[in-house]
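What follows is a short report on a single structure.
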Amino acid sequence: MEKEKFTDEYVASLTIPEHVAVIMDGNGRWAQAKGEPRTYGHIVGSDVVEDMVEIASNLGIKYFTVYAFSTENWKRSEGEVSVLFSLFSEHLKKLQVKSAENNVRCIIIGDKSRLDDDLNKTIDELETSSKNNTGMTFVIAINYGGRDEITRSVKKIASEVQSGKISPDEITEDMISDHLDTGGLPDPDLLIRTGGEQRISNFLLWQCAYSEFYYCDTCWPDFDRNELIKAIEKFNKRDRRFGGVK
Ligand code: IPE
Ligand code: IPE
Ligand code: MG
């Protein structure tokens, strides 16, 4: 029934945010509510990500970023972490084909040094094979933490100062942005969090300075095109002032 809620004409009348970022939350609770193990939620959730890449791209979103694994998610059981990483490996391989079909450029952000060689190889192949695609940019955050990213960026800038390449006075906000994993990408316009929690959980701390936040109770495995359009609809009603007065 909900499928017919948004007509093509209505969707065409909406302003589509250039960059949408998603904290895909609620996989575990969704599965547990069905009497299934938490990992079942990750399996279904990872299929939803695949669908959303096409949906987001067809809606005209230019940058679509998803939070897949945080620097804090290592605290989970070895079993859950291992299922998550086998899903990343499986889906990143599939994405190599899908990104070619859909002209999508893929970028992985986060600290890749903790990921194993096989996964790093898959990531390299995906990024390289898709780097000249001119459609949507799909950013996946794996072993990503906003504080960790800022710390790594500060270290890079500090070594440039130490080597005499730049002086401390030359450090600007743009320079800091460029040294983050997201260097060269625009900041998110809309940040969606599914699963009912209303917090940022260490995601894109620097980049979300002026993002519009949208929270929904729907758990990630149930997220679909209608849910995304609902978020975009709410975004259309926001008055973005960026500290100014309208
Ligand atoms: C999000 O769902 C996926 C990851 C964090 C990897 P959760 O696994 O956090 O699901 P809940 O929040 O426990 O339901
Ligand atoms: C945020 O979800 C991380 C991802 C979606 C990958 P969490 O489930 O880890 O966040 P908390 O623990 O509820 O803050
Ligand atoms: Mg969670």
Side-chain angles (χ1 to χ4, degrees), residues 19-53 55-56 63-95 106-116 119 122-123 138-152 180-182 185 188 190-208 211-224 227-228 231:
H19 186 172
V20 176
V22 188
I23 301 176
M24 311 182 289
D25 197 24
N27 290 353
R29 280 166 284 154
W30 178 87
Q32 280 169 327
K34 292 184 172 330
E36 299 283 350
R38 294 176 52 81
T39 47
Y40 176 63
H42 298 317
I43 294 168
V44 177
S46 58
D47 287 335
V48 173
V49 180
E50 237 179 76
D51 295 344
M52 290 312 297
V53 174
I55 290 165
Y63 299 85
F64 187 65
T65 299
V66 296
Y67 201 5
F69 193 88
S70 76
T71 46
E72 288 71 37
N73 286 147
W74 297 104
K75 291 176 191 162
R76 298 183 179 202
S77 75
E78 225 181 288
E80 182 169 343
V81 170
S82 119
V83 167
L84 282 164
F85 276 89
S86 43
L87 287 168
F88 298 153
S89 167
E90 176 194 330
H91 285 272
L92 292 178
K93 281 178 190 146
K94 280 168 87 181
L95 200 53
C106 300
I107 295 173
I108 282 66
I109 59 168
D111 180 2
K112 293 172 212 163
S113 70
R114 196 168 166 181
L115 312 183
D116 71 32
L119 187 57
T122 305
I123 289 172
F138 179 42
V139 184
I140 308 162
I142 302 178
N143 192 27
Y144 175 89
R147 288 185 171 188
D148 174 70
E149 181 193 38
I150 293 168
T151 306
R152 285 185 287 107
L180 297 172
D181 298 346
T182 52
L185 305 174
L190 170 63
L191 175 72
I192 298 171
R193 182 170 185 144
T194 65
E197 309 290 1
Q198 303 193 351
R199 55 178 170 252
I200 196 155
S201 300
N202 205 11
F203 194 41
L204 302 175
L205 298 179
W206 173 277
Q207 299 87 337
C208 283
S211 304
E212 295 297 327
F213 287 23
Y214 173 85
Y215 301 103
C216 64
D217 289 333
T218 306
C219 289
W220 179 253
D222 283 333
F223 199 80
D224 60 10
E227 292 288 332
L228 179 60

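Indexing begins at 1, ligand by ligand and atom by atom, following the structure's order.
With sequence neighbours left out, the ring-ring contact (aromatic ring centres under 6.0 Å, His included) criterion links Y215 to no other residue.
For E80 and H42, the side-chain atoms include at least one donor-acceptor pair closer than 3.5 Å. A donor-acceptor pair shorter than 3.5 Å cannot be found between the side chains of T71 and R147. The closest side-chain donor-acceptor pair between W30 and D222 falls under 3.5 angstrom.
Atom 11 (P) of ligand 1 has R29 NE, 3.5 Å as its closest protein atom, hydrogens excluded (heavy atom only). Nearest to atom 9 (O) of ligand 2 among the protein's heavy atoms is N73 ND2, 2.9 Å. The protein heavy-atom contact nearest to atom 6 (C) of ligand 1 is A68 O, 3.3 Å. Residue, atom and distance of the protein heavy atom nearest to atom 2 (O) of ligand 1 are N27 N, 3.2 Å.
The line from CD of E149 to CG of N202 is 9.5 Å long, rounded to the nearest 0.5 Å. N73 contributes atom CG, which lies 8.5 Å from atom CZ of F85 (distance to the nearest 0.5 angstrom). Taken to the nearest 0.5 Å, the CG atom of N143 stands 7.5 Å off from the OG atom of S113. Note that OG1 of T218 and CZ of F223 are 7.5 Å apart. Values are rounded to the nearest 0.5 Å. Put simply, OG1 on T39 and CZ on R76 are 11.5 Å apart, with the number rounded to the nearest 0.5 Å. To the nearest 0.5 angstrom, I108 atom CD1 is 4.0 Å from I140 atom CD1.
Of all the atoms in ligand 2, the ones that sit under 4.0 Å from a non-hydrogen atom of R199 are 11 (P), 13 (O), 14 (O). Residue-ligand proximity, F69 to ligand 2, at heavy-atom distances under 4.0 Å covers atoms 6 (C). Of all atoms in ligand 1, listed by their number and element, those nearer than 4.0 Å to a heavy atom of R76 are 4 (C), 5 (C), 7 (P), 8 (O), 9 (O). Atoms of ligand 1 found under 4.0 Å from any heavy atom of H42 (numbered from 1 in listed order, with element): 3 (C), 8 (O).
For atom 13 (O) of ligand 2, a protein heavy-atom neighbour is present inside the 4.0 Å cut-off.
Residues C216 and E227 approach most closely at SG-OE1, 4.3 Å, considering heavy atoms. Across T122 and S89, no two heavy atoms sit closer than the pair CG2-O, 4.3 Å. Closest non-hydrogen pair, G110 versus R152, comes out as C-NH2, 3.6 Å.
Contact analysis puts R193 in contact with ligand 2, with a non-hydrogen atom separation below 4.0 angstrom. The closest approach between M24 and ligand 2 falls below 4.0 Å for a heavy atom of the residue.
L185 is listed as a side-chain neighbour of I107, based on a closest heavy-atom distance under 4.5 Å.
With a heavy-atom cut-off of 4.0 Å, E197 does not touch ligand 1 at all. Contact annotation for F203 and ligand 2: no heavy atom of the residue comes within less than 4.0 Å of the ligand.
Considering backbone and side-chain atoms together, R38 places an N or O closer than 3.5 Å to an N or O of ligand 1. Considering backbone and side-chain atoms alike, Y67 places every N or O at 3.5 Å or more from each N or O of ligand 2. Taking only nitrogen or oxygen atoms, main chain and side chain alike, D25 reaches within less than 3.5 Å of ligand 2. For a threshold of 3.5 Å applied to N or O pairs, the pair formed by W30 and ligand 1 contains no separation below that value.
Ion pairing between E197 and R199 holds under the 4.0 Å rule for side-chain N and carboxylate O.
Among protein atoms, those of element N, O or S found less than 2.8 Å away from the Mg ion (ligand 3) are D25 OD1.
Nearest-heavy-atom check against atom 10 (O) of ligand 1 across S70, C219, G195, G28 picks out G28.
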